[in-house]
Protein chains: 2
Amino acid sequence: MQSKPRERLIETSLRLFSTHGFHATGIDRILAEAGVAKMTLYRHFRSKDELILAALDRYETIFRAWLEGVLRHSDRPPDQRILDLFDKLSAWFGASTLRELTFQGSMLTNAAAEFGQPGHPVHDAVAAHVRGLSSILEDTVSEAGLPANLSNRLVVTMFGAVLLAQVYRDPRVFQDARLTVSAILRETAPVPA
Amino acid sequence: MQSKPRERLIETSLRLFSTHGFHATGIDRILAEAGVAKMTLYRHFRSKDELILAALDRYETIFRAWLEGVLRHSDRPPDQRILDLFDKLSAWFGASTLRELTFQGSMLTNAAAEFGQPGHPVHDAVAAHVRGLSSILEDTVSEAGLPANLSNRLVVTMFGAVLLAQVYRDPRVFQDARLTVSAILRETAPVPA
DNA sequence: TTCGCGCTAGAAAAGCCTGTCTGTTTGTTC
DNA sequence: GAACAAACAGACAGGCTTTTCTAGCGCGAA
C-alpha cells in the first residue's frame, strides 16, 4: 500500500470491475480494499463513472502493451505473428484461470454490455478503445502486405474468441479462432500453418 | 395489457434487461411498466434472479426460432443458408436500430458479462443456451457435408460480429463476418460466394 | 518550528434496492 | 349467489447506493 491513493484506486477498480462487473461493484468496497477515504476518491474523480473511465483507460493501456508485444516486438514474419496472437491469448486464459481470479473476458466488451446506450461516456470510450486496439492489428496486416480492411475481420474473430472462452470456460475456443484466422490469411496470400 | 401477469412480467423484463442491463434494471420499474403488483411477481418467481433466468429462457426461445427459420426452413443449399445468416443478422440490426430501442447485442452474452462467475445460475444458463444455439448451426454444417467441428468457428464469428456491431454501431461488421465465414467454408469445400 | 496540503475517519443526506406483509378487489367456478 | 384463488395497491423493513460535509492527523517544505 505504499503507492499513491489515486493509483491504488485505479488498480483496485480494475480488479473489482473486471471480476464482478461495474454496477455490482460498490464504491465502498473499492475504498475498503484500496484503503482510501471517500473524500479522496471524490477529489480525484468527479463521479463513479469517471472512475470507471479511468479503469477502462488503464485496461486499454495494459492490453495495448501486451498486444504490441505480441504483434510488433517479435522477429517472426507478420502473418505468423497474427497466428501467434491466438496461442498467446490461450495462454493468457490459462494463466488467469489458475490464479485467484477466474478469466472474465475483455473488460472493454463487458463494459459495452453494461453500458449499451450509445452516447453514454462509457460506451463511447469503449468504442474508441476498441478502435485503437484494432489499429495495431491493422498495422501488422499492412506490414504483411495484406489489404488493411482485413483487420476488421481479425478483430471480430479475436473478440468473439475471448467472449466465447468466457462463456464456455474452455481455451480450445482460441484454437478454433486460430483456424479461422488461418483461413482468412490463406484466402489472400499463402501462409505457413 | 390483456395478457396474463406472468407473461407481461417476462416480456417487460426481456425488454428492460436487454436495453438497460440486469443490475441497472430494478424490479420496481419492471412492475410499473408491466402493470403488475409486487406480490404477484414473488408468487411466480422466487427472486429477481429467477426472473432473469426466465427472461433469458424466453430470449433463447425467440432467437432459436429465428435461427431455425434462417437455417432450416429455407430451400437454399445449406452452405448458402449459413452465409445468408449474416445478411439476416445485418437486417435485424437495422430493424432494431430504427425502432424505439437501439440494438443491444445479444442478451445472452450481455448476461455473461454481468454474471461472469462460473457456478452462478445465470452464467451456467447462458452457457447452456449458447450450446443449444450452437447445435442448430452444427446440424446445418453436417447437412452441408462439412465436418461438424466447423460449427464452433461459426459460433465464434457470429457472436463476435454481434458484439462488435454493438460496440461500433455499424452493420458493416456483419459483412466482414460474412467474408470470414466464406473463407471458412471455402477452405473445406467449394462454395459459391 | 510552523504552515499548508493531502489524506484520514466518520457521519449524514437522499434515494434506490430486494423482499415481505396487509388488506381490498376482481374474476371464475360450483 | 357463495366460495375460492389470483391480482391489485400500498406500506414497510433493512440494507445498500452515490455523494457531500466536518474535523483532525501527519508529513514535507519554508
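Note that the coordinates shown come from a computational prediction; the quantities given were computed from them, not determined experimentally. Letters go in sequence order (proteins before strands), and every chain restarts at 1.
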Parallel, tilted or perpendicular: which describes the rings of B:Phe22 and B:Phe115, with under 30° parallel and over 60° perpendicular?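 The arrangement is perpendicular - the two ring planes meet at more than 60°.
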
Should the ring pair A:Trp92 and A:Phe63 be called parallel, tilted or perpendicular, given that the plane angle runs from 0 to 90° and is split at 30 and 60?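 A:Trp92 and A:Phe63: tilted rings.
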
Could you state the atom-to-atom distance from [atom1] of [X] to [atom2] of [N] in whole Å?
| X | N | atom1 | atom2 | answer |
| --- | --- | --- | --- | --- |
| A:Phe22 | D:dT17 | CZ | P | 16 Å |
| B:Arg29 | C:dG15 | CZ | P | 18 Å |
| A:Lys4 | C:dT8 | NZ | C1' | 17 Å |
| A:Leu41 | C:dT8 | CG | P | 11 Å |
| B:Glu50 | C:dT18 | CD | P | 15 Å |
| A:Ile52 | D:dT18 | CD1 | C1' | 12 Å |
| B:Leu31 | C:dC16 | CG | P | 15 Å |
| A:Asp28 | C:dA11 | CG | P | 13 Å |

Any ion pair linking B:Arg15 and B:Glu11 (charged N to carboxylate O, less than 4.0 Å)? no

Does A:Glu138 come within less than 4.0 Å of A:Arg131, counting only side-chain N to carboxylate O?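 Result for this pair is no, no salt bridge flagged.
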
Side-chain N or O of A:Arg43 closer than 4.0 Å to phosphate OP1/OP2 of C:dG6: no

Distance test, side-chain N/O of A:Thr40 to OP1/OP2 of C:dT8, below 4.0 Å: yes

Nucleotide nearest [X] (side chain, heavy atoms from C-beta), chosen from [options]:
| X | options | answer |
| --- | --- | --- |
| A:Met39 | C:dG6, C:dT22, C:dG10 | C:dG10 |
| B:Lys48 | C:dT8, D:dA7, C:dG19 | C:dG19 |
| A:Ala37 | C:dG19, D:dT18, C:dA9 | C:dA9 |
| A:Tyr42 | D:dT20, C:dT20, D:dA7 | D:dT20 |

What are the two closest heavy atoms between A:Thr40 and A:Pro5, and how far apart are they? CG2-CB, 3.9 Å

Is there a donor and acceptor pair, one atom on the side chain of A:Lys38 and one on the base of D:dT20, closer than 3.5 Å?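 No, the side chain and the base share no sub-3.5 Å donor-acceptor pair.
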
Hey, which sits more toward the 5' end of DNA chain C by its nearest nucleotide, B:Ile27 or A:Arg6? A:Arg6

Counting any heavy atom closer than 4.0 Å, what does B:His23 reach on the DNA or RNA strands: base, sugar-phosphate only, or nothing? nothing

